[in-house]
Amino acid sequence: MLHIHNSMTKKKELFTPIEAGKVKLYVCGMTVYDLCHVGHARVMVIFDVVTHYLRANGYEVTYIRNITDIDDKIIARAHKNGENIKELTERFIAEMHHDADALGVLRPDKEPQVTESIVEIIRMIETLIDRGYAYTSKNGDIYYDVSAFESYGKLSGRNIDELRKNKFTTTLDQTKDDPLDFVLWKAAKPEEPAWNSPWIRGRPGWHIECSAMSTKSLGQRFDIHGGGQDLQFPHHENEIAQSEGAHGCQPVNYWMHNGFVRINNEKMSKSLGNSFTVREILKKYDPEIIRYFILNSRYRSPLNYSNQQLDQAKNALTRYYTALRDIEIAPNIDWKNDIYFGTRFKMAMDDDFNTALALSVMAEIRLELNKAQRNKTQARIIYLASLLRSAGKILGLLQQSAKNFLMGNIINNNKRTKIKTLIETRNIARKQRDWVKADQMRDELIEMGVVLEDTNKQTNWRNV
RNA sequence: GGCUGCGUGGCAGAGUGGUUAUGCAGCGGACUGCAACUCCGUAAACGCCGGUUCGAUUCCGACCGCAGCCUCCA
């Protein structure tokens, strides 16, 4: 029985979909003006696992992750680059897909873009005006009237009066009736992209697009809405105000917010200038290492980024793949049918997607697998290795060939040949009990970043 | 200032009112020509102070420290 921590109630709740057997999931995706950083990777990986797990439980999942392709920062970046906005956003959408693919993140079922949803956005704003939740300001912008929405603040635990106090001390926007009101539609400056509307020619505000796109893709009510913790306020709060204001019903049943990635105990973010792009990390680490690193802690906790952490993840994965090396997988073996490990894996995942605990079960499977290898119990070896691959599939781990993970860095054929030659020479020396020569060969390989493992049958090698 | 959340062994990270995961690293042993791999064993923790309790790391309260949101942000 799957339980999900609902940010709205701050409790773990039994998951019950609106429609039996189906799950509608919406996740706030990227604003595309730069490369993905680790924080983006975290959202993508987490909800990829959520989707995998729901599907493994037999749900038919519709997974929507939007792309914000028009906003102030995009305009500013395009201007700075001297680049066309469309070119810029298309470029970074492609880059995002590149990173997502590398990380083994499946594409969502749909990735709606704001610029392709203007009609729906305008329609929703009209509804909000009709229903008394929005007004036209003096300068022609359309604002949401927060005071009209009684339960404003319920998701983030804000008190409207407290918020007002803070707002008054900072900015006072003369065009708004209330400093808390937020813009739904705003006038575009001359060179900015703009669309015709019943009001001023302009473009949508920041929050309305998610309300419009989730409605467009999933309907007025859906099961799960996900995103980073920083979106809880004001973005998701405003989304609720918009959707509920327009439709008169609660839009989302379960809100899931993932914790931040931190670096040196500080939130990683572009504005702080302390972010690492996925691309940078991929230069040094296999993408699966990033995935393991992300899934080794619970999605709601903060995640500290450091090279030491990635190295630990790398060592752990090396041990998994070492255990899996040279074993044929039986594809019909499914973790769900395993009483001992499978049940505990499921219990972990059922507990609000406790991937860290699920990984500890996988570590136990690995131990049993290694024991089976020592005992040479062939059927058991195949079973456990298949079990490991099957469970790993939910987490998007252990899906590549062991050789690829362990030896993949060295793609240069000459180098491979040299490694092979050195190993052969060394093994001849070993037969002749010429240990000095044999050790020379091995040292030379270590210099090349290659570690040897002798077995009775053969000598295996892998990258350091 | 307001509102959240957090503080677990060397590092990372689960979890629990009593038997105290897991990973990486360490130590001892087995295996090995020596290593590596692997296995066996081992040590080590619950911020501080009170309270509740037969018993608290786990519940409650104060304190200290940290992070986040309140402005763009995954």
Side-chain angles (χ1 to χ4, degrees), chain A residues 7 10 27-31 34 36-47 65 68 71-73 76 153 156-159 161-167 169-171 180 206 226-235 237 257-262 265-272 275 292-293 296-298 300-304 306 308-320 322-323 325 344 348 351 354-364 366-367 369-371 373-375 430 433-436 438-439 442-443 445-446 450-456 459-462:
Chain A
S7 316
K10 295 187 171 55
V27 174
C28 284
M30 274 190 72
T31 302
D34 211 339
C36 295
H37 63 234
V38 191
H40 298 116
R42 191 177 194 194
V43 182
M44 291 197 281
V45 167
I46 285 165
F47 287 99
R65 189 183 60 211
T68 299
D71 99 315
D72 292 347
K73 276 196 255 188
S156 52
R158 307 287 147 145
N159 174 299
D161 297 322
E162 286 298 331
L163 282 169
R164 279 210 186 92
K165 258 193 255 170
N166 288 329
K167 284 274 180 177
T169 57
T170 51
T171 49
L180 292 188
W206 175 33
Q229 219 162 45
D230 44 2
L231 297 180
Q232 198 168 13
F233 188 88
H235 184 59
E237 199 68 72
H257 289 99
N258 65 274
F260 299 123
V261 177
R262 287 193 205 166
N265 224 25
E266 199 179 41
K267 177 184 171 184
M268 177 185 287
S269 80
K270 259 182 258 180
S271 45
L272 288 167
S275 62
Y292 184 97
F293 159 67
N296 193 224
S297 69
R298 301 204 63 170
R300 288 189 285 124
S301 312
L303 178 60
N304 266 308
S306 70
Q308 189 196 5
Q309 288 262 66
L310 289 178
D311 288 338
Q312 286 191 9
K314 182 185 177 177
N315 288 345
L317 279 172
T318 299
R319 291 194 63 200
Y320 277 106
T322 304
R325 185 165 45 198
R344 284 188 300 140
D351 181 16
N354 191 339
T355 53
L357 192 57
L359 277 172
S360 78
V361 176
M362 287 178 60
E364 287 181 48
R366 184 186 66 192
L367 176 63
L369 171 58
N370 282 329
K371 281 193 208 171
Q373 303 224 52
R374 303 186 108 225
N375 301 334
R430 285 171 73 210
R433 308 193 139 260
D434 184 350
W435 308 129
V436 176
D439 289 351
R442 191 169 61 197
D443 289 345
L445 284 160
I446 286 168
V450 170
V451 174
L452 298 186
E453 290 163 26
D454 293 324
T455 69
N456 288 337
T459 299
N460 294 318
W461 66 269
R462 63 178 161 85

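Protein chains get the first letters and strands the later ones, always in sequence-line order, with residue 1 at the start of each.
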*How would you label the contact of F233(A) with the nucleic acid (heavy atoms, under 4.0 Å): base, sugar-phosphate, or nothing?*
sugar-phosphate
_Suppose we screen for side chain to side chain contact (heavy atoms under 4.5 Å, CB included). Which residues come up paired with D311(A), at least two apart in sequence or across chains?_
Y285(A)
*Contact pattern, 5' to 3', of nucleotides 41-47 of chain B - B, S or - by protein heavy atom under 4.0 Å*: -------
*Report which part of the nucleic acid H257(A) touches: base, sugar-phosphate, or nothing (heavy-atom distance under 4.0 Å, all strands).*
nothing
*Look at the side chain of Q309(A) and the backbone N and O of N304(A), then say whether any donor-acceptor pair between them is shorter than 3.5 Å.*
yes
*Which residues pass the side chain to side chain contact (heavy atoms under 4.5 Å, CB included) test with A438(A), sequence neighbours left out?*
R426(A), A429(A), R430(A)
*Not counting sequence neighbours, which residues clear side chain to side chain contact (heavy atoms under 4.5 Å, CB included) with S7(A)? List them please.*
L155(A), Q232(A), W255(A), H257(A)
*Which range-with-range stems can be found for RNA chain B when each stem has 3 or more Watson-Crick or G-U pairs in a row and both distances sit under 3.5 Å?*
B:1-7 with B:64-70, B:10-12 with B:22-24, B:26-30 with B:38-42, B:49-51 with B:59-61
Sub-3.5 Å pairs of nitrogen or oxygen atoms, protein against nucleotides 1-8 of chain B:
unit_1	atom_1	unit_2	atom_2	d
G1(B)	N2	N166(A)	OD1	3.1
G1(B)	N2	N166(A)	ND2	3.1
C3(B)	O2'	G157(A)	O	3.3

_From CZ of R442(A) over to P of C34(B), roughly how many Å is that when rounded to an integer?_
11 Å
*With sequence neighbours left out, what residues match E453(A) under side chain to side chain donor-acceptor pair (under 3.5 Å)?*
R325(A), R462(A)
*Identify whether any heavy atom of T322(A) sits under 4.0 Å from a base atom; if not, whether one sits that close to sugar-phosphate; answer base, sugar-phosphate or nothing.*
sugar-phosphate
_With R319(A) via side chain to side chain contact (heavy atoms under 4.5 Å, CB included) - residues at least two apart_ = R366(A)
Polar atoms only, N or O, under 3.5 Å: list the protein pairs with nucleotides 27-30 of chain B and their distances.
none

*Report which part of the nucleic acid S297(A) touches: base, sugar-phosphate, or nothing (heavy-atom distance under 4.0 Å, all strands).*
sugar-phosphate
_Any base atoms under 4.0 Å from N370(A), or only sugar-phosphate, or nothing? Heavy atoms, all strands._
sugar-phosphate
*Within the structure shown, what part of the strands sits under 4.0 Å from G226(A) by heavy-atom distance: base, sugar-phosphate, or nothing?*
nothing
*Which is true for V27(A) with a 4.0 Å heavy-atom rule: it touches a base, it touches only sugar-phosphate, or it touches nothing?*
nothing
_Mind checking if M362(A) touches a base, just sugar-phosphate, or nothing, with heavy atoms under 4.0 Å?_
nothing
*What nucleic acid atoms does G39(A) come within less than 4.0 Å of, heavy atoms only: base, sugar-phosphate, or nothing?*
base
*Go through the structure and list residues passing salt bridge (Lys or Arg N to Asp or Glu O under 4.0 Å) with K270(A), not counting sequence neighbours.*
none
*Considering residues at least two apart in sequence or located in another chain, which fulfil the salt bridge (Lys or Arg N to Asp or Glu O under 4.0 Å) criterion with R344(A)?*
E364(A)
_Listed partners of R65(A) passing side chain to side chain donor-acceptor pair (under 3.5 Å), at least two apart_ = E111(A)
